> 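Take a look at this one; I'll ask things after.
Per chain, numbering begins at 1; letters A, B, ... match sequence-line order. These numbers were taken from a predicted model, which means no experiment stands behind them.
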Amino acid sequence: MDMKEIEKKWQARWEKAKFNRFNEKSDKPKCYVLEMFSYPSGAKLHIGHWYNYGPTDSYARFKRMQGYNVFQPIGFDAFGLPAENYAIKTGIHPKDSTEKNIATMEQQLRAMGAMFDWSAEIKTCDESYYKWTQWMFLQLYKRGLAYRKEAPVNWCPSCQTVLANEQVVDGRCERCSTQVVRKHLTQWFFKITEYAEELLNGLDDLDWPEKTKAMQRNWIGKSVGCEVEFECETGDKIRVFTTRCDTIYGVTYVVLAPEHPLVAKITTPGQQQAVGDYIVETSKINEIERLSTTREKTGVFTGAYCTNPVNGKRVPIYIADYVLATYGTGAVMAVPAHDERDFAFATKYGLPIVKVIERQGGQTELPFTEDGIVVNSLNFDGLVGEEARSEIANYLAKLGKGGKKVNYRLRDWLVSRQRYWGAPIPVIHCPVCGAVPVPEKDLPVRLPYDVEFHPDGKSPLAKHEKFMHAVCPKCGGEAQRDPDTLDTFVCSSWYYLRYADAHNDKLPFSREAVDRLLPVDTYVGGAEHACMHLLYARFFTKALRDMGYLDFDEPFRRLVHQGVILGPDGNRMSKSHGNIVSPDEYVQEYGSDAFRLYLMFGFSYTEGGPWSDDGIKAIAKFLDRVEKLILKICQYPEEEGAAFGSEEKQLNYARNYAIQRVSHDLEAFSFNTAVARLMELVNAINKYDALDRRNIPLLKATAKDLLLLLAPFAPHFCEELWQQTGGKGFVFEQSYPKEDAAALVLDESEYAVQVNSKIVCRAMFANGSSREEIQARALSLAEVQARVNGSPVKKCIVVPGRLVNLIV
RNA sequence: GCCGCCGUGGUGAAACCGGCAGACACGCAGGACUUAGAAUCCUGUACCGAAAGGCGUAUCGGUUCGAAUCCGAUCGGCGGCACCA
């Protein structure tokens with residue numbers, strides 16, 4: 001077949017028939033299959049795109065043939081830094097380069113032949129989209145979920161913008177790997193922490209990879225403990241968070257983070273110099289060093305003291321940078337006997353170490369950080385672990401000095417970016433009224449085209465006078481726009497909702513549209529989004545639900561991560577490794593169907609692995625064999641009343657076995673085994689076809705099923721064969737074959753015959769035989785008798801259809 | 001350090017709930033057809049052994065009639081979190 005021609009032919013016909021569109025009028029059950037949309041980088045699709053979109057499209061086509069009304073939209077995550085950096089380098093405007101890239105990618109995606117519903121296409125950089133991204137911001141603001149505050153934030157000196165916590169990997173920028181630095185800035189945040197508990201609990205019921213759920217749990221980082229108030233001699237109260245309040249009688253000092261607001265207030269005049277020096281010193285140390293566990297602990301005494309609420313003991317207050325300002329309360333109670341960090345610190349600075357926990361039934365070596373028996377703790381002595389913590393927490397609550405408290409590692413999501421190519425934050429800063437949201441009727445706040453790109457740490461918009469100039473919506477006075485844009489992850493946090501109603505100009509989506517299509521049934525994309533996009537999108541869904549715009553809690557019922565196709569050398573494909581493999585030459589040579597089929601067959605979908613084209617020829621050959629076989633069988637004259645003997649039964653078994661397995665494997669995204677089962681069926685048909693006497697109707701029916709089974713894997717190829725063999729309409733209008741359970745029951749099966757769990761031979765046994773019959777027949781076999789040697793059978797284990805084991 | 005996942009032929013990989021390890025392919029070897037073969041078809045292919053047979057799923061041990069699969073320890077790899085109190 002001339003695949004190039006055939007691809008074009010069928011793509012044009014599908015297009016003309018609007019065949020790939022979601023059918024609004026159908027009463028079939030809906031199935032929303034979604035691949036993560038792409039950033040329009042470079043120009044061409046790379047293997048990763050193919051690997052994500054090809055097999056998933058096969059899944060979508062399979063669901064369609066199974067009778068679902070499938071919705072498979074596509075679009076572009078079009079805002080973002082690369083386009084802007086490219087503009088700084090080349091002078092080509094981000095809008096122009098992005099639009100050009102999108103045009104190329106659209107063309108390539110169409111050429112792939114996936115069943116995308118292009119009528120719902122979205123581009124996040126279009127006004128018609130980002131207007132609603134801004135609208136989302138305003139709703140969150142109204143709900144108190146968007147707020148502005150000054151805080152220490154992560155700044156990427158290379159990208160010249162702040163980053164969210166999730167975008168800092170090992171102290172480096174997720175995008176460009178530059179070391180981030182800490183800055184104090186006033187920025188916009190989304191209050192994702194308000195949903196911490198629900199985001200955590202919701203994971204339990206999701207059909208997601210366990211690993212991804214574990215990563216989100218880890219990221220949310222719930223820890224259950226206790227908050228305790230230590231009163232200073234100045235009257236100030238220091239609140240500390242601890243998970244080990246059973247050790248509270250062992251507190252010998254309290255430590256504040258150097259940034260803690262009370263530091264300045266409580267430091268005694270004598271210690272001011274030392275404390276000031278220490279703060280300056282630690283602020284110079286970058287985040288990476290500061291977070292290193294191996295670094296020696298340092299700190300300095302403030303000169304102040306506070307009181308342990310449970311025993312009235314006076315303990316010194318230190319500052320040390322091993323206490324983080326951003327976690328818990330930014331202060332800890334130090335129990336050197338039962339915490340390794342406190343132990344190291346106390347040893348270094350000669351602070352007392354008081355043992356209050358003992359190992360149950362053993363020697364207690366300090367620091368002892370496990371649970372144990374409470375000692376030296378007045379009336380709590382003798383309690384153990386959780387019981388002790390609970391009792392002490394209750395006691396603290398009774399004293400009015402604290403109580404049980406849950407802490408999360410998750411921080412609020414910083415969404416401001418000091419960059420141009422994003423959705424402008426719809427806020428006006430008025431000298432009188434402060435930060436005022438732009439009224440919804442004034443949306444969108446348009447991104448001006450004529451800007452200059454000078455990476456200087458400020459948004460290019462800040463220098464655009466016309467853009468910046470605004471009138472305060474509240475008082476009508478002179479005001480300034482917020483010069484920052486929204487993190488692109490804000491755009492991608494709701495795009496799956498927009499697809500459902502992509503052309504709505506009154507609302508981001510109508511309730512009716514999302515009710516009909518959402519949630520997404522199967523979402524497919526890379527695992528690298530585990531703690532970013534996938535967490536943010538869940539947050540958006542829950543927030544929108546609480547605002548009454550949605551009626552469901554979770555956007556993605558089922559999640560599948562495709563693996564990563566690495567370069568042939570086993571490294572990630574990259575320009576710097578010089579190991580990028582382009583799909584184009586393969587597609588050119590073998591066609592898009594063969595290429596996607598190879599991707600499905602050659603890799604375990606969720607694993608991926610190093611690229612190798614070993615076997616791509618075999619796939620092309622396989623398609624050739626199918627073509628020859630089907631065209632040949634199709635020409636056989638009809639013959640009625642042909643015999644149905646054991647050969648026919650075998651062929652029919654192979655046919656129905658393939659139907660059963662292929663359907664099962666496709667549902668499980670186990671494409672490699674599904675293709676293997678198809679190859680087995682082809683082998684079985686070939687074998688049968690080589691016989692002298694054949695049952696032609698059966699052979700034809702089997703060949704037809706093969707074609708239908710293969711259709712989702714090789715859509716153009718099968719569409720063409722369907723037509724050539726006289727099929728009416730599109731092959732994808734046919735139902736996917738369903739297995740005949742009766743054909744899967746064989747008269748007899750081959751059993752492995754074991755004596756004392758060792759395989760002795762194989763033999764055929766009639767199915768439905770009783771255990772006694774099987775035992776008797778097994779015993780009668782010559783190989784078995786040689787082993788048994790007349791010994792009595794003590795036990796006989798039968799696994800129906802598989803194995804019989806005689807224990808003698 | 002903590003959490004999670006993984007380790008199977010020369011290669012990519014299979015194996016549902018504990019039941020014939022290596023499906024399906026690639027590669028390789030041999031053969032057929034052929035002027036020719038990089039085409040097509042057939043046969044073989046975990047390893048050791050000529051064979052009978054033995055042995056085998058990172059290593060060691062355990063549970064079981066039976067373990068790639070379950071349990072414990074060790075080694076190796078990957079991913080996440082990490083001075084988180």
> Using a cut-off of strictly less than 4.0 Å, decide whether Asn805(A) has a side-chain nitrogen or oxygen near OP1 or OP2 of rG19(B).
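Negative; the distance criterion is not met.
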> Parallel, tilted or perpendicular: which describes the rings of Tyr598(A) and Trp611(A), with under 30° parallel and over 60° perpendicular?
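Judged by the thresholds at 30° and 60°, the geometry between Tyr598(A) and Trp611(A) is perpendicular.
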> With Trp208(A), which residues qualify under ring-ring contact (aromatic ring centres under 6.0 Å, His included), at least two apart?
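By the ring-ring contact (aromatic ring centres under 6.0 Å, His included) rule, Trp208(A) matches no residue at all.
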> Classify the nucleic acid contact of Ile759(A) as base, sugar-phosphate or nothing, counting any heavy atom under 4.0 Å across all strands shown.
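Sugar-phosphate, backbone atoms only, no base.
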> Considering every strand and a 4.0 Å limit on heavy-atom distances, what is the contact class for Asp614(A): base, sugar-phosphate, or nothing?
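Asp614(A): backbone/sugar contact only, no base atoms under 4.0 Å.
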> Once you measure the plane-to-plane angle for Phe669(A) and Phe671(A), does it fall in the parallel (<30°), tilted (30-60°) or perpendicular (>60°) bin?
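Geometry flag for Phe671(A) against Phe669(A): perpendicular rings.
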> With heavy atoms under 4.0 Å as the rule, sort Glu340(A) into base, sugar-phosphate or nothing.
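Touches nothing.
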> Quick one: do Asp689(A) and Lys632(A) make a salt bridge, cutoff under 4.0 Å?
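Here Asp689(A) pairs with Lys632(A) in a salt bridge, since their nearest N and O are under 4.0 Å apart.
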> Which listed nucleotide (rG66(B), rC83(B), rC24(B)) is nearest to the side chain of Ser757(A)?
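Of rG66(B), rC83(B), rC24(B), rG66(B) is nearest to the side chain of Ser757(A).
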> Return the stems involving RNA chain B, sorted by first number, where pairs are Watson-Crick (N1-N3 with N6-O4 or O6-N4) or G-U wobble (N1-O2 and O6-N3), both under 3.5 Å, and runs are 3 or more long.
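Stems for RNA chain B, defined as runs of 3 or more consecutive pairs: B:1-7 with B:75-81, B:10-12 with B:24-26, B:27-32 with B:40-45, B:58-62 with B:70-74.
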> Out of the candidates Val254(A), Val255(A), Leu262(A), Ile319(A), only one should pair with Thr302(A) under the side-chain contact (heavy atoms from CB on, under 4.5 Å) rule; please name it.
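The option that passes is Ile319(A).
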> Looking across every strand, which nucleic acid part, if any, lies under 4.0 Å from Gly801(A) by heavy atom: base, sugar-phosphate, or nothing?
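If one applies the 4.0 Å heavy-atom cut-off, Gly801(A) turns out to touch nothing in the nucleic acid.
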> Applying salt bridge (charged side-chain N to carboxylate O under 4.0 Å, His left out), can you list everything that pairs with Arg596(A), at least two apart in sequence or on another chain?
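For Arg596(A) the salt bridge (charged side-chain N to carboxylate O under 4.0 Å, His left out) partners, ignoring immediate neighbours, are Asp57(A).
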> Just list the side-chain donor-acceptor pairs under 3.5 Å for residues 800-808 of chain A, sequence neighbours left out, or say none.
{"unit_1": "Asn805(A)", "atom_1": "OD1", "unit_2": "Ser757(A)", "atom_2": "N", "d": "3.0"}
{"unit_1": "Asn805(A)", "atom_1": "ND2", "unit_2": "Gln754(A)", "atom_2": "OE1", "d": "3.4"}
{"unit_1": "Asn805(A)", "atom_1": "ND2", "unit_2": "Ser757(A)", "atom_2": "OG", "d": "3.2"}

> Examine rA85(B): is either OP1 or OP2 under 4.0 Å from a nitrogen or oxygen in the side chain of Tyr322(A)? Give yes or no.
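Negative; the distance criterion is not met.
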> Counting just side-chain N and O atoms, does Thr243(A) come under 4.0 Å of either OP1 or OP2 of rC84(B)?
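Thr243(A) to rC84(B) OP1/OP2: no side-chain N or O under 4.0 Å.
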> Please tabulate the protein-to-nucleotide N/O contacts below 3.5 Å involving nucleotides 15-17 of chain B, giving atom names and distances.
{"unit_1": "rC16(B)", "atom_1": "N4", "unit_2": "Arg802(A)", "atom_2": "NH1", "d": "2.8"}

> Would you tabulate the pairs of protein nitrogen or oxygen atoms and nucleotide nitrogen or oxygen atoms of nucleotides 41-45 of chain B closer than 3.5 angstrom?
none

> Apply the syn/anti split at 90° from 0 to rC17(B) and say which one it is.
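Syn conformation here, the glycosidic angle of rC17(B) being no more than 90° from 0.
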> Ignoring hydrogens and geometry beyond distance, is a side-chain donor-acceptor pair present between His561(A) and Thr212(A) at under 3.5 Å?
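Yes, a side-chain donor-acceptor pair sits under 3.5 Å.
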> Mind checking Tyr751(A) for me? I need base, sugar-phosphate or nothing, with any heavy atom below 4.0 Å counting as a touch.
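No contact at all - Tyr751(A) keeps every heavy atom at 4.0 Å or more from the nucleic acid.
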> Ignoring hydrogens and angles, answer whether the base of rC65(B) and the side-chain atoms of Asn756(A) contain a donor-acceptor pair closer than 3.5 Å.
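A donor-acceptor contact between them is absent.
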> Does Ser604(A) place a side-chain N or O at less than 4.0 Å from the phosphate oxygens OP1/OP2 of rA14(B)?
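The answer is yes; a side-chain N or O of Ser604(A) sits under 4.0 Å from OP1 or OP2.
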> Which residues pass the side chain to side chain contact (heavy atoms under 4.5 Å, CB included) test with Asp665(A), not counting sequence neighbours?
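Asp665(A) satisfies side chain to side chain contact (heavy atoms under 4.5 Å, CB included) with Arg661(A), Ser670(A), Thr673(A), Ala674(A), Arg677(A) only.
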> Let's see if you can work this out: which of rG19(B), rC24(B), rA13(B) has an atom nearest to the side-chain heavy atoms of Leu803(A)?
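The listed nucleotide nearest to Leu803(A)'s side chain is rG19(B).
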> For the pair Lys617(A) and Asp624(A), find out whether any cationic side-chain nitrogen is under 4.0 Å from an anionic carboxylate oxygen.
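Asp624(A) and Lys617(A): not salt-bridged.
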> Who pairs with Asp569(A) by salt bridge (charged side-chain N to carboxylate O under 4.0 Å, His left out), at least two apart in sequence or on another chain?
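Expected list: none.
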> Considering non-hydrogen atoms only, spot the tightest contact between Ser390(A) and Lys404(A) and give its length.
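In this case the closest contact between Ser390(A) and Lys404(A) is OG-NZ, 3.2 Å.
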> Please tell me if Arg409(A) has a side-chain N or O lying less than 4.0 Å from either OP1 or OP2 of rA82(B).
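Looking at the OP1 and OP2 atoms of rA82(B), one of them is under 4.0 Å from a side-chain N or O of Arg409(A).
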> Output the single nucleotide from rC83(B), rC65(B), rC24(B) whose closest atom is nearest the side chain of Ile807(A).
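Selected nucleotide: rC65(B).
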> Is rG49(B) syn or is it anti, if syn means the base angle is within 90 degrees of 0?
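Nucleotide rG49(B) adopts anti.
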> Apply salt bridge (charged side-chain N to carboxylate O under 4.0 Å, His left out) to Lys222(A) and list each qualifying residue two or more places apart in sequence or on a separate chain.
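Expected list: Glu197(A).
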> With sequence neighbours left out, what residues match Lys237(A) under salt bridge (charged side-chain N to carboxylate O under 4.0 Å, His left out)?
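For Lys237(A) there are no salt bridge (charged side-chain N to carboxylate O under 4.0 Å, His left out) partners, ignoring immediate neighbours.
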> Which residues, if any, of residues 204-214 of chain A bring a heavy atom under 4.0 Å of RNA chain B?
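Within this stretch, Lys211(A) sit under 4.0 Å of the strand.
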> Taking the minimum atom-to-atom distance to the side chain of Gln754(A), which one of rG80(B), rG19(B), rA14(B) wins?
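Output: rG19(B).
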> Do Arg677(A) and rA23(B) have a side chain to base donor-acceptor pair shorter than 3.5 Å?
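Check passes, donor-acceptor contact within cut-off.
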> Residues in side chain to side chain contact (heavy atoms under 4.5 Å, CB included) with Lys348(A), at least two apart?
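Side chain to side chain contact (heavy atoms under 4.5 Å, CB included) check on Lys348(A) returns Glu296(A), Thr298(A).
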